[in-house]
Amino acid sequence: KPMENRITDIGPRKYDEFYPEVIKKNKGKWSHHEILEPGVLVHVAESGDEIYTVRVGGARLMSTTHINEICEIADKHCDGHLRFTTRNNIEFMVDSKDKVEPLKNDLKSRKFAGGSFKFPIGGTGAGVTNIVHTQGWIHCHTPATDASGTVKATMDELFADFQDQRLPAQLRVSMACCLNMCGAVHCSDIAILGYHRKPPMIDHEYLDKLCEIPLAVSACPTAAIKPAKVTLEDGTEVKSVDVKNERCMFCGNCYTMCPSLPLADTEGDGIVLMAGGKVSNRISDPKFSKVVVAFLPNEMPRWPSMTDAIHKMVNAYSNGANKYERLGDWADRIGWEKFFEVCELDFTHHLIDDFRQQAYMSWRQSTQFKF
Ligand code: SF4
Ligand code: SF4
């Protein structure tokens with residue numbers, strides 16, 4: 001028997017129950033918006049109503065203490081409302097201009113013990129906004145690098161560009177800790193990608209006890225795995241698998257299916273940097289990112305080689321691009337040979353791929369590339 005008005009914990013409640021009054025009232029009737037200063041926006045409705053937004057950096061992984069503090073700020077200034085952007089920024093919204101300064105001052109006053117901002121204001125317009133990233137060593141099983149650590153090190157390097165809007169256009173940075181890329185790094189201005197360089201190690205003794213062999217075989221996108229009979233050191237014959245190493249692209253899909261095929265490796269694992277992608281179709285078509293640094297080692301806890309390469313790219317882009325030009329558009333205009341030169345990055349043979357697929361524009365397909 002259907003029960004009316006039942007409150008359960010199955011699924012979220014309908015989103016429009018949570019609208020601030022001014023948004024409920026003016027839904028679908030907004031006239032325009034503008035960025036008043038970095039991190040502060042105003043949206044104006046046809047009725048003349050306004051809503052002011054203060055955007056602050058958020059984190060993908062938050063403690064309950066931190067979430068409680070976010071809620072406390074929303075209760076104090078915004079009638080309990082807040083929203084998260086797709087890039088995990090937190091937006092506090094107020095319905096009149098005189099509420100903006102007290103909100104900003106409160107946010108600025110909240111600091112960690114070391115003095116850094118808990119709620120840095122920024123992330124709008126022609127600058128860097130929060131990094132979309134994956135989970136890394138915190139909880140996933142196939143990462144080749146850490147997500148939170150690399151993101152923190154990168155955002156510390158780019159913090160001035162989060163607070164300011166000095167860049168020619170938006171600069172979207174993403175991070176995925178393995179090439180399954182659940183962080184969508186394939187279309188970012190700058191992308192950090194964790195990369196394994198060795199095929200899985202096979203634990204023959206336990207493989208047949210831990211997983212279904214057909215599942216492990218079918219998990220491999222390159223058909224590198226086949227069933228095999230293996231004789232253990234004590235002479236026992238067991239069912240296991242064989243991996244054709246030259247077909248392996250180190251994706252870790254097999255490990256997702258079978259815990260007896262781990263591929264984490266201290267020396268083999270590290271970071272690839274990609275650049276020039278974007279999702280937007282403004283001015284030019286969307287683009288995939290291209291690999292620009294084939295490998296950097298995992299240098300915990302601050303990844304200095306990675307942040308140095310990113311810093312050089314951002315500086316060269318900032319100095320060389322025209323207004324509104326995204327990083328990939330700038331590189332296309334000056335030529336990718338020049339991009340490597342001005343970013344002080346080495347062009348190596350690792351950057352030449354042999355994909356024939358038209359969707360993936362590679363260096364080899366370009367008749368213009370003159371290295
Ligand atoms: Fe896991 Fe890969 Fe996603 Fe990282 S990118 S969280 S390793 S699936
Ligand atoms: Fe296949 Fe990926 Fe496993 Fe290599 S790591 S064997 S490509 S599933």
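One-based numbering along the sequence shown. In each ligand, atom 1 is the first atom listed, and ligand 1 is the first ligand listed. Owing to the predicted nature of the structure, the values given are computational and were not obtained by experimental measurement.
Residue contact check: Gln135 has heavy atoms under 4.0 Å from atoms 6 (S) of ligand 1. Listed by atom number, the atoms of ligand 1 under 4.0 Å from Pro143 heavy atoms are 7 (S). Under a 4.0 Å criterion applied to the non-hydrogen atoms of Thr142, ligand 1 contributes the atoms 1 (Fe), 2 (Fe), 7 (S).
A donor atom on one side chain and an acceptor atom on the other are found under 3.5 Å apart for Asn89 and Thr129.
Ion pair Arg166/Asp161 flagged as a salt bridge, since at least one NZ, NE, NH1 or NH2 atom sits closer than 4.0 Å to an Asp/Glu carboxylate oxygen. A salt bridge is absent between Asp329 and Arg333; no separation between the charged side-chain nitrogens and carboxylate oxygens falls under 4.0 Å. Between Asp16 and Lys27, no side-chain nitrogen of the basic residue sits less than 4.0 Å from a carboxylate oxygen of the acidic one, so the salt-bridge criterion is not met.
Ring-plane geometry between Phe347 and Phe340 is classed as perpendicular, the angle between the planes exceeding 60 degrees on a 0 to 90 degree scale with a lower cut at 30.
For the salt bridge (charged side-chain N to carboxylate O under 4.0 Å, His left out) condition, no pair includes a residue of residues 224-237, sequence neighbours left out.
Among Ile190, Thr154, Asp189, the one residue that satisfies the side-chain contact (heavy atoms from CB on, under 4.5 Å) test with Val314 is Ile190.
For atom 2 (Fe) of ligand 2, the tally of protein N/O/S atoms lying closer than 2.8 Å stands at 1.
Residue Cys177 does not count as close to atom 2 (Fe) of ligand 1, with no N, O or S atom under 2.8 Å.
Annotation: cation-pi geometry not satisfied between Arg83 and Phe18 (NZ/CZ under 6.0 angstrom from ring centroid, within 45° of ring axis).
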